[in-house]
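Bear in mind the structure is a predicted one, so any value in this text is a computation, not a measurement. In what follows, chains carry the letters A, B, and so on, assigned in the order in which the sequence lines appear, proteins first and then strands, with residues in each chain numbered from 1.
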2 protein chains.
Amino acid sequence: MQKKITLTSDSHRCSTCMLNSLCLPVGMSTVDIARFEEVVQERIRVPKGDTLFNTGDPAQAIYGIRVGSMKTQLEDATGHIQVTGFLLPGEIVGLDGFLEGKQLSHAIALEDTEVCVARVNEIDRVIAHVPALQHQLRRLTSQEIKRSQQLVMALGVLRSEQRLAAFLVNMSQRLSILGYSSTEFILRMSREEIGSYLGLTLETVSRLFSRFAKENLIRIHQREVQLLDLPALRELAGSDYG
Amino acid sequence: MQKKITLTSDSHRCSTCMLNSLCLPVGMSTVDIARFEEVVQERIRVPKGDTLFNTGDPAQAIYGIRVGSMKTQLEDATGHIQVTGFLLPGEIVGLDGFLEGKQLSHAIALEDTEVCVARVNEIDRVIAHVPALQHQLRRLTSQEIKRSQQLVMALGVLRSEQRLAAFLVNMSQRLSILGYSSTEFILRMSREEIGSYLGLTLETVSRLFSRFAKENLIRIHQREVQLLDLPALRELAGSDYG
DNA sequence: CGATTGATTGACTATGTTCAAGTAGAGTGG
DNA sequence: CCACTCTACTTGAACATAGTCAATCAATCG
């Protein structure tokens, strides 16, 4: 589960990456991106099911997902697992540990995944010359806090059906930003993982999917979802959370 | 609810404050504290029930609680409220908004409270000269993320009794750091606020308190609590979360 | 001292969990 | 290519937990 394949070939650069308008370089000038590129000197392939890092690992880098998807999760003393997020291409993993140098969560690949590595000491080296990077890191960290707070809100005040609707709406929105369909996509995570994320059992998730389907809100077959009534789902979720 | 009384008298300084070993200056040298003191040029009195700031307010400062206590809460579009934390003297409010300049949550005084104001632009001015401050802010922000993740964990995987036990153990631990009794204290928040924090109704909180009392884990009368069996409470909470 | 707010307790209900059985797909080896 | 296996998912029935509604009580504040 620790198998990571490091690719030091730097044939791919941020400046030519399709995701550069979504990933860490978002909003940076061409010059800044060129400077930032020096920071990203390697990529790592993480096969499906493998961990990129575990809680307590020294946080030497933050990772931008290039292809694939990951989950982050917490584990308590009694072994209970709480999934805290699902990460898509262009999104950054490892931000929660970055500030103090120790990873707070586990990061595990949901499918064969490739991440770009931005080492902390490299970041520190160029950050003085690239103010946009400083700004970017602040923004992303803030977003990370916001994301966590939204999850607290969902777990604290929403009923199960609302949580699942919020989850679907959120996935839809993020996938559409990536250029994928906002109404038809494949879930890369299991019912159990969705349940863990939403504080529900896998059975409840499964039942809710079936019920949504019966109510013509969605069509679902295994991990293929089709959102038939996005407005209704939004309404259910409470219009935030998405 | 917006009444804030600003005290510009600087008769009280961090260097002579009893909380300086717990508050923002924690771990700073005498010299650094002296430099940092310049940042804190005012204090604000927030009467019980008043807000220090609301979601969306420009985050011009972070606030260290001098006396009293506060709660932070989120509110969604439908008016649902989720309490995200209870803050005690020496703890910092406003960190979640600090990174992006907009407050993410509301901060409301649970009792008559006084906070020290560290303005963001003042912080930016001295931060280059006080490396310990930079480090401190990172540490505190990281702690804020950790706190939020712990709440997610509690809401996601713990049963109601475990959540309440975790809450009591956590309060106990933080109060003992402040030099108060770890086994006898007064809750500054209502049953409803505890419920909102833990994702429960006020009735459930009340019933659980009664049950804990019947099981001789605690003694409780209104807001006065006495923890009779801290180890058992820890055990219930699952030994983390405290 | 009455009024108001906060807390407790009870009865009933709903929501989601648990346990269990069964099904469908994906991958594997003969 | 087909049977076999494993895993993920679905569905049902019984149960438990926590929520809702309502009445009562206690404490605090004008």
Side-chain angles (χ1 to χ4, degrees), chain A residues 1 47-49 71 80-83 86 108 110-112 154-168 186-215 218-226 236, chain B residues 1 47-49 71 78 80-83 86 108 110-112 154-168 186-215 217-226 236:
Chain A
M1 287 291 177
K48 175 174 178 170
K71 63 171 173 176
H80 284 119
I81 283 172
Q82 170 71 40
V83 171
F86 300 112
I108 299 160
L110 293 173
E111 57 192 311
D112 289 356
L155 293 172
V157 310
L158 298 186
R159 292 211 320 284
S160 62
E161 49 171 23
Q162 300 180 296
R163 289 184 220 174
L164 191 65
F167 165 75
L168 289 173
I186 291 173
L187 299 169
R188 299 299 175 177
M189 67 296 286
S190 67
R191 301 290 189 264
E192 186 170 12
E193 286 163 334
I194 297 172
S196 169
Y197 179 60
L198 300 175
L200 304 169
T201 59
L202 68 98
E203 291 96 331
T204 300
V205 172
S206 179
R207 272 186 252 273
L208 285 170
F209 274 142
S210 301
R211 212 184 77 201
F212 283 179
K214 200 154 58 185
E215 292 165 349
I218 66 172
R219 200 169 297 161
I220 188 153
H221 177 65
Q222 302 283 116
R223 298 192 178 183
E224 297 166 38
V225 217
Q226 196 181 343
L236 235 187
Chain B
M1 288 290 177
K48 176 175 178 170
K71 62 171 173 177
T78 58
H80 283 120
I81 283 171
Q82 169 72 39
V83 172
F86 300 112
I108 298 160
L110 292 174
E111 57 191 312
D112 289 355
L155 293 171
V157 310
L158 298 188
R159 292 212 321 285
S160 62
E161 49 171 22
Q162 299 179 296
R163 288 183 220 174
L164 192 64
F167 165 75
L168 289 172
I186 292 174
L187 300 169
R188 299 300 176 176
M189 66 296 285
S190 68
R191 301 290 189 264
E192 185 169 14
E193 286 163 333
I194 297 172
S196 168
Y197 179 61
L198 300 176
L200 304 170
T201 60
L202 68 98
E203 292 94 332
T204 299
V205 173
S206 180
R207 271 186 252 272
L208 285 170
F209 274 141
S210 301
R211 214 184 77 201
F212 283 0
K214 200 155 57 184
E215 292 166 348
L217 294 172
I218 66 170
R219 201 170 294 162
I220 188 155
H221 177 66
Q222 302 284 116
R223 297 190 177 185
E224 297 165 36
V225 218
Q226 197 180 342
L236 235 188

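Summarising the geometry of A:Ile220 relative to A:Ala213, their closest heavy-atom pair is CG2-CB, 4.4 Å, with the distance given to 0.1 Å.
By the neighbour-count criterion of 12 heavy atoms within 6.0 Å, atom CD of B:Glu192 is sparsely surrounded, having that number or fewer from other residues, nucleotides or ligands.
At D:dA18, none of the side-chain N or O atoms of B:Thr201 fall inside 4.0 Å of OP1 or OP2 (strictly under the cut-off).
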I would like to know whether A:Ser196 and A:Lys71 meet side-chain contact (heavy atoms from CB on, under 4.5 Å); could you show each step before the answer? CA-CA 11 Å; A:Ser196 169; A:Lys71 63 171 173 176; over 6 Å; no

Is there a side-chain contact (heavy atoms from CB on, under 4.5 Å) between B:Ile194 and B:Leu164 once you walk through the steps? CA-CA 8 Å; B:Ile194 297 172; B:Leu164 192 64; 3.9 Å; yes

I would like to know whether B:Leu110 and B:Glu193 meet side-chain contact (heavy atoms from CB on, under 4.5 Å); could you show each step before the answer? CA-CA 10 Å; B:Leu110 292 174; B:Glu193 286 163 333; 3.7 Å; yes

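Taking 4.0 Å as the cutoff to heavy atoms of chain A, we find the contact window on DNA chain C bounded by C:dG16 to C:dG25.
For the side chain to side chain donor-acceptor pair (under 3.5 Å) test, residues two or more places apart in sequence or in another chain that qualify with A:Arg159 are A:Glu161. For A:Tyr197, the ring-ring contact (aromatic ring centres under 6.0 Å, His included) partners are A:Phe86, not counting sequence neighbours. Applying the side-chain contact (heavy atoms from CB on, under 4.5 Å) test to A:Gln222 and every residue at least two apart in sequence or in another chain returns nothing. In this structure, B:Glu224 has no salt bridge (Lys or Arg N to Asp or Glu O under 4.0 Å) partners at least two apart in sequence or on a different chain. Qualifying side chain to side chain donor-acceptor pair (under 3.5 Å) partners for B:Gln226, counting only residues two or more places apart in sequence or in other chains: none.
Using a 4.0 Å heavy-atom criterion, one finds that B:Gly199 contacts the sugar-phosphate atoms exclusively. Within 4.0 Å (heavy atoms only), A:Leu202 reaches at least one base atom of the nucleic acid.
In this structure a side-chain-to-backbone donor-acceptor pair under 3.5 Å is missing from A:Asp112 to A:Pro47.
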Short heteroatom pairs, N/O only, protein and nucleotides 27-30 of chain D, under 3.5 Å:
unit_1, atom_1, unit_2, atom_2, d
D:dA27, OP1, B:His221, NE2, 3.2

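Atom CD of A:Glu203 is separated from atom C1' of D:dA8 by 12 Å (rounded to the nearest Å). In this structure, the CD1 atom of A:Ile218 is 14 Å from the C1' atom of D:dC9, given to the nearest Å. In this structure, A:Glu224 atom CD and D:dA8 atom C1' are separated by 14 Å, rounded to whole Å. Between the CD atom of A:Glu192 and the C1' atom of D:dC9 there is a distance of 11 Å, given to the nearest Å. In this entry the distance linking CG of B:Leu155 with C1' of D:dA18 reads 14 Å, nearest Å. As a whole-Å value, the separation of A:Arg159 CZ from D:dT17 C1' is 16 Å. The distance from atom CZ of B:Arg223 to atom C1' of D:dA26 is 13 Å, rounded to the nearest whole Å.
Using a 4.0 Å cut-off between a side-chain N of Lys or Arg and a carboxylate O of Asp or Glu, A:Glu111 and A:Arg188 qualify as a salt bridge.
Note that CZ of B:Phe209 and CG of B:Leu187 are 5.5 Å apart. Values are rounded to the nearest 0.5 Å.
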Give every donor-acceptor pair under 3.5 Å between a side-chain atom in residues 199-207 of chain B and any protein atom, sequence neighbours left out.
unit_1, atom_1, unit_2, atom_2, d
B:Thr201, OG1, B:Thr204, N, 3.3
B:Thr201, OG1, B:Thr204, OG1, 3.0

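A heavy atom closer than 4.0 Å to some atom of DNA chain D occurs in B:Arg207, these being the qualifying members of residues 205-214 of chain B.
When each of B:Arg191 and A:Glu161 is assigned the nucleotide of DNA chain C with its nearest heavy atom, B:Arg191 is the one assigned upstream, toward the 5' end.
Axis angle across the helix from C:dC1-D:dG30 to C:dG30-D:dC1, with five pairs used at each end and values rounded to 10°: 40°.
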